[in-house]
Protein chains: 2
Amino acid sequence: MKAISCKTCPLQECELLLPHDHERKSFLEDFKAGEMTVEPGTQILLEGAMTPNLYTVLDGMGLRDKTLRDGRRQVINFVMPGDFLGLQAGVMGEMTNSVEAVTPMRLCVFRRDDLWTLFRNQPELSYALTWIAAAEEHFLGETIATLGQRDGKERIAWALLKLFQRMQGLGLGENRRVPLPFRQQDLADALGLSLVHTNKTLARLRSEGVANWSNGHLTVPDAEALATVAVTDPEPVQKRPFL
Amino acid sequence: MKAISCKTCPLQECELLLPHDHERKSFLEDFKAGEMTVEPGTQILLEGAMTPNLYTVLDGMGLRDKTLRDGRRQVINFVMPGDFLGLQAGVMGEMTNSVEAVTPMRLCVFRRDDLWTLFRNQPELSYALTWIAAAEEHFLGETIATLGQRDGKERIAWALLKLFQRMQGLGLGENRRVPLPFRQQDLADALGLSLVHTNKTLARLRSEGVANWSNGHLTVPDAEALATVAVTDPEPVQKRPFL
DNA sequence: CGGACCCTTGAAGGGGATCAATCGACGTGG
DNA sequence: CCACGTCGATTGATCCCCTTCAAGGGTCCG
C-alpha cells in the first residue's frame, strides 16, 4: 500500500480534529518517518520497553493496557484513529503500558529523536503535543472517577457512551450505530469488572433498550438516556489537534 | 512574606527535581507573575471554571478532586510541592477538576496568557511541560490499574507507598516517617473505598507492622514489604523537571 | 469433526458498602 | 472552668453487588 502524504492525510477530514495549516503540514511531511501496517493481535508498543518510534493512528483500533506483576490486566483506554502513541516513552524514556492492535491498523511513524527539533522549531506543534497530553490526562481523570465512584451498570453505560461519542466524532459508523470491535473481556478489564458481570449488565442495558452492543457493533437509540444511566453530563466531544 | 526569586527557589534543592540552568531561571523570573498564600480548605482551582492563572506549588499540600453530578466525590491525586497546577485549563480552556488546599500552601503564580511566549521562546521549558503532562498521565494510568485491579488492602498499601516515596523524594520528613496531613476520608475517596473499610484496613496494616498512618504522620518500617503487599514493583521515583 | 475462542447463563460465596453508635480532641461561648 | 457542638477516628452488625465456579452454546477454522 502506498504511503499517505500529510497533505492529503485522511485525518484532516475528521470534524473532531483540527486541521493543520500549510507550513505545519510540510514540517510534518518531513517529520514523518514512514508508515506501518499491523495485523490484529500485534503489540505496537511494549510495557517497559524503549521505543525509538512514535505513532499516530491513521486507521483501525486497538487498546492500551498494563499488567500487574501477578498477571491481572487493566485496559487503560481504547485506541482510535487520530490518537498519538508513545508520548510517554518519547519524553520519559520508557513505555509504561502496552498498545495492542485489535483490528488491522495503519500507523504513521515518527522518530523519537526528531521530537527535539519539533520543540525547537515548531512552537505550535509543541503546544499541540502538550494539548494532547493534557487532554489524555483529562480523560484518565474521568476514568478514575468512574472506577472509583460508579457501580457496574453506571460504569458500563459511561464507557459505551464515551466510545459511541468518539466514534461518531470521527465520522465512523452510521446514524446511531458504530463499529466496536472489542471483546467483552476487554471492556471488563477496562472497568475493573468480571467478565460474567459485564456480560449480564450488557444484557440488561440491551433489554432496557438503552444500548445494544453485539456482533461488533454498538447501537445507541438515545444518547441522553444513556448519559442519564451513566450519571454523567452529556458534555460534547471537544475538537482537538493531532500530529 | 517576601516573594521568592526563582534564582533561589527552594525547589531547586529537592533531589527529586531537575534544577534549571541560568538562562531558564531568568526567563522564569519574568514568567512568574506573583505568589499566593492560601489557608487550609481554600479552593485553588475550581472544576468547570476558566482560570487566568497557572501555579507551581512551593510549599504545603492539597488534593485534586472531581465530583459527579449526584455529589459523589473522587480524589484524583494528592498535590505536593513541585506540582504544576492548571495545565488542563491552560491548554484546554476549562478546568476539569478542583484543587483544594489541605495545609497552608504557598504557590508560584503564572499567567495563562504568557504560556504562548514560553512555547515560542523556550523549547526546553516547553519540553519540560510536556514531560510533566506525560508523567502525570503515567501516574494516572497506574491509578487506574489500582482502582480496576487491586482489592482494598492492596489499594491502600499502594497509595501509602506512593505517598511515602514522593514525600521522601522531596526531602520532607525524617527517616522512615513522613507527614501526611490528609483525612481517612480523603484516602477513601481516592481509592473508591468506603471510609469504614478504609479505616479497618489501615488498622490491619498497622497491626501487621507494614505501615502506620496516624496523627498526620505515616511510618513505613520496610518499603519493600509494603510494596509486596501492594503487589507492585518498587520502581524508584524518577527525577522530573518543574517550572 | 474436534478445538479454540467468545458469548451466555445459573448458583454460591465473599469483599466491601451501609447503618449505627461510641470516643477523643478541639474550640467556643456562657 | 465546664457544657456543648463539631469533626475525625473507631468498631460492631447486617446486607448486597459483584466475584468466582461451573457448564453449555454458537461460530469459525484446520
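All chains are named by letter (A, B, ...) in the order of the sequence lines, taking the proteins before the strands, and each is independently numbered beginning at 1. What you see below is based on every heavy atom in this structure, not just the backbone, and it leaves out hydrogens, waters and symmetry mates.
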Residues Arg240(B) and Glu136(B) bridged, charged N to O under 4.0 Å: no
Quickly work out the Gln184(B) CD to dC7(D) P distance and round it to whole Å. 17 Å
Any chance you could measure Ile156(B), atom CD1, to Lys200(B), atom NZ, to the nearest 0.5 Å? 12.5 Å
Please report the end-to-end axis angle for the helix from dT8(C)-dA23(D) to dG30(C)-dC1(D), five pairs per end, rounded to 10 degrees. 30°
Under-4.0 Å salt bridge between Asp151(B) and Lys153(B): no
Carboxylate-amine/guanidinium proximity below 4.0 Å for Asp189(A) and Arg183(A): no
Among residues 204-212 of chain B, which ones have heavy-atom contacts with DNA chain D below 4.0 Å? Arg206(B)
Would you please test Asn53(A) and Phe110(A) for side chain to side chain contact (heavy atoms under 4.5 Å, CB included) and show each step? CA-CA 6 Å; Asn53(A) 294 329; Phe110(A) 306 111; over 6 Å; no
To the nearest 0.5 Å, atom CG of Asn199(B) lies from atom CD of Gln185(B) at 11.0 Å
Let me see the working for Met50(A) and Arg112(A) under side chain to side chain contact (heavy atoms under 4.5 Å, CB included), right down to the final yes or no. CA-CA 10 Å; Met50(A) 195 86 168; Arg112(A) 191 192 156 181; 3.6 Å; yes
Closest approach of Arg155(B) to Leu147(B) (non-hydrogen atoms, all atoms of both residues): NH2-O, 3.4 Å
Using a 4.0 Å heavy-atom cut-off across all strands, classify Gly192(A) as base, sugar-phosphate, or nothing. sugar-phosphate
When all nucleic acid strands are considered with a 4.0 Å heavy-atom cut-off, which category describes Leu202(B): base, sugar-phosphate, or nothing? nothing
Round to a whole Å and report the spacing from CD of Gln185(B) to P of dT6(D). 18 Å
Shortest non-hydrogen contact between Val237(A) and Gln165(A), atoms and distance: CG2-CB, 3.6 Å
Contacted region of DNA chain C by chain A, from 5' end to 3' end of the hits, cut-off under 4.0 Å to heavy atoms, spans dC6(C) to dA11(C)
Evaluate Leu218(A) against Asn212(A) for side chain to side chain contact (heavy atoms under 4.5 Å, CB included), listing each step before the verdict. CA-CA 6 Å; Leu218(A) 169 64; Asn212(A) 186 333; 5.9 Å; no
Heavy-atom contacts, protein to nucleotides 20-30 of chain D, under 4.0 Å, summarised as B (base), S (sugar-phosphate only) or - (none) per nt, yield BB---------
Do Arg166(B) and Asp83(B) sit within salt-bridge range, that is, some charged N less than 4.0 Å from a carboxylate O? yes
Evaluate the criterion side chain to side chain contact (heavy atoms under 4.5 Å, CB included) for residue pair Val57(A) and Met105(A); output intermediate values, then yes/no. CA-CA 7 Å; Val57(A) 179; Met105(A) 292 181 79; 3.7 Å; yes
Working to the nearest 0.5 angstrom, can you tell me the gap between Asn77(B) CG and Ile144(A) CD1? 7.5 Å
Can you list, in residue-number order, the parts of residues 155-164 of chain A that come under 4.0 Å of DNA chain D, counting heavy atoms only? none
Give the rounded distance in Å between these two atoms: CZ of Arg72(A) and P of dT19(D). 13 Å
With ring-ring contact (aromatic ring centres under 6.0 Å, His included) as the rule and sequence neighbours excluded, what pairs involving residues 192-218 of chain B come up? none
Short N-O contact, Glu47(B) and Arg64(B), less than 4.0 angstrom: no
To the nearest angstrom, the CZ-C1' distance between Arg183(B) and dT6(D) comes to 13 Å
Between dT19(D) atom P and Leu191(A) atom CG, what is the distance in whole Å? 10 Å
Less than 4.0 Å between a side-chain N and a carboxylate O, is that true for Glu142(A) and Lys162(A)? yes
